[in-house]
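Here is the structure we will look at, set down as structure tokens.
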Protein chains: 2
Amino acid sequence: MPTHHQTGPSAGTGSNIDARTQRSRTTVLAAATDLLESTGVGGFSVDEVARRSGVAKTTIYRHWPTREALVLDACAGLDDRYDLPDTGTLHGDLRRFVADLVCMVEQAGWAAVLPSIVDAAERNAAFADMHAQIQKGHASLVSQIAERAIGRGELPAETDTALLASTVLGPVFYRRWFSREPFDAAFIDAVTTRAIRGAQGSD
Amino acid sequence: MPTHHQTGPSAGTGSNIDARTQRSRTTVLAAATDLLESTGVGGFSVDEVARRSGVAKTTIYRHWPTREALVLDACAGLDDRYDLPDTGTLHGDLRRFVADLVCMVEQAGWAAVLPSIVDAAERNAAFADMHAQIQKGHASLVSQIAERAIGRGELPAETDTALLASTVLGPVFYRRWFSREPFDAAFIDAVTTRAIRGAQGSD
């Protein structure tokens, strides 16, 4: 890996160019992420990124050969860091996770963009791959909570964690993107309790 | 309401024009629905509808003043007729409904288009209204099953049918559009059983 970034602007012309290139990449990506949040994948255009960032289209195309490559990079920038709750009980962990998830689907930048990624994934393999990554990230949070609960004897060892994920994430995503009903604490409680009851009972 | 359509082509020039107008409307709408199924809302263009239908753009714009008006009409044409199961038990009705829903989200024309409608609804009031109508249709099927079960004493009278809809539709929609895992009978059984158990227990 090159280490130019650590040597500072005084290290010579090569570094200056690298630093400038890096700055314009950062500027373009920030503008691209902003645009994506307001238009989704469908309305995204390199022309508009050039206008918003003040970076010439020819420069943008030098870094990202296609509109799609830039959209995919901008999507990757929407990701949130999330620290999984660890309260010591399945109910505590899952209640907190559902509440955090509700907050994210209501407020996070990716939440307004996700339907356009889902749509693009219906028709385009690169978006399908990216969507699968986002999706695995969400489902693995539920799996980690379930694994801990299995370790504590709160869930049976044979728990179907993919099914559990669909009973936790499904109702929240449904309410956010399909029924568009408001979220409240009663809904968060009910999703938590029903998902646990479902996983503990035998089908 | 005009009754020209019943008088046949011999009824005069006015009728001929009406019949021709009606035919070109039907041709355009069929082409628009086909296009919508392959591109979603985002990739839909009046140019392409004109090309596929062989009807001039100027004629299309006479019927639908904007691209959006044509997309909205084409969306309305995707709707399925559905006869609600009536097996005499909550489990029977819901199991059958979930199985039918899985079949529809895997095969129906609207299933490939719905994510693009959800995306358009994030930014456009006309699509948000149309999406709300589609959504109410889906949720009301679950409500009707629940009402019958309440009548038979299988569910408490105070059952939250909107919550029940989110625990039935949520996991199915999640698996179709988010996790993209395959459906099987075990999933259909588990969604049915868990939704009923959730609605029967107290949260």
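Per chain, numbering begins at 1; letters A, B, ... match sequence-line order. Basis for what follows: all heavy atoms, side chains included, without hydrogens, waters or symmetry-related copies. On a predicted model such as this, the values are computed, not experimentally measured, just so you know.
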Handout entry: Side-chain heavy atoms of A:His131 within contact of B:Arg180, under 4.5 Å
Key = yes
Problem - Side chain, backbone, both or neither of A:Thr192 within contact of chain B (heavy atoms, under 4.5 Å) - result: neither
Practice task
Search all heavy atoms of B:Ala190 against all heavy atoms of A:Leu163 and return the closest pair with its distance.
Solution key: CB-CD2, 3.5 Å
Fill in the blank from the handout: If one checks every heavy atom of B:Ala120 against chain A at 4.5 Å, the contacting part turns out to be neither
Exercise for the section: Evaluate the side-chain contact (heavy atoms from CB on, under 4.5 Å) criterion for residues B:Arg197 and A:Arg197: first the C-alpha distance (whole Å), next the side-chain angles of each, then the deciding distance (0.1 Å), finally the verdict. Expected result: CA-CA 8 Å; B:Arg197 199 187 297 152; A:Arg197 199 187 297 151; 4.3 Å; yes
Practice task
May I ask you to check whether A:Trp177 and B:Phe178 place their ring centres under 6.0 Å from each other?
Solution key: yes
Practice task
Quick one: which of B:Ala132, B:Gly42, B:Ala139, B:Ala162 has the most heavy-atom pairs under 4.5 Å with chain A, could you say?
Solution key: B:Ala162
Problem - Shortest non-hydrogen separation from B:Arg123 to A:Ser116 and the atoms involved - result: NH2-CB, 4.5 Å
Completion exercise
When rounded to the nearest 0.5 Å, the distance separating OG of B:Ser166 from CD of A:Glu181 is 7.0 Å
Exercise for the section: Please report the shortest heavy-atom distance between A:Tyr174 and B:Gly170, naming the atom on each side. Expected result: CB-CA, 3.6 Å
Practice task
Sort A:Leu114 into side chain, backbone, both or neither according to what part of it lies under 4.5 angstrom from a heavy atom of chain B.
Solution key: side chain
Problem - chain B contact via A:Ala128 - side chain, backbone, both or neither, heavy atoms under 4.5 Å - result: neither
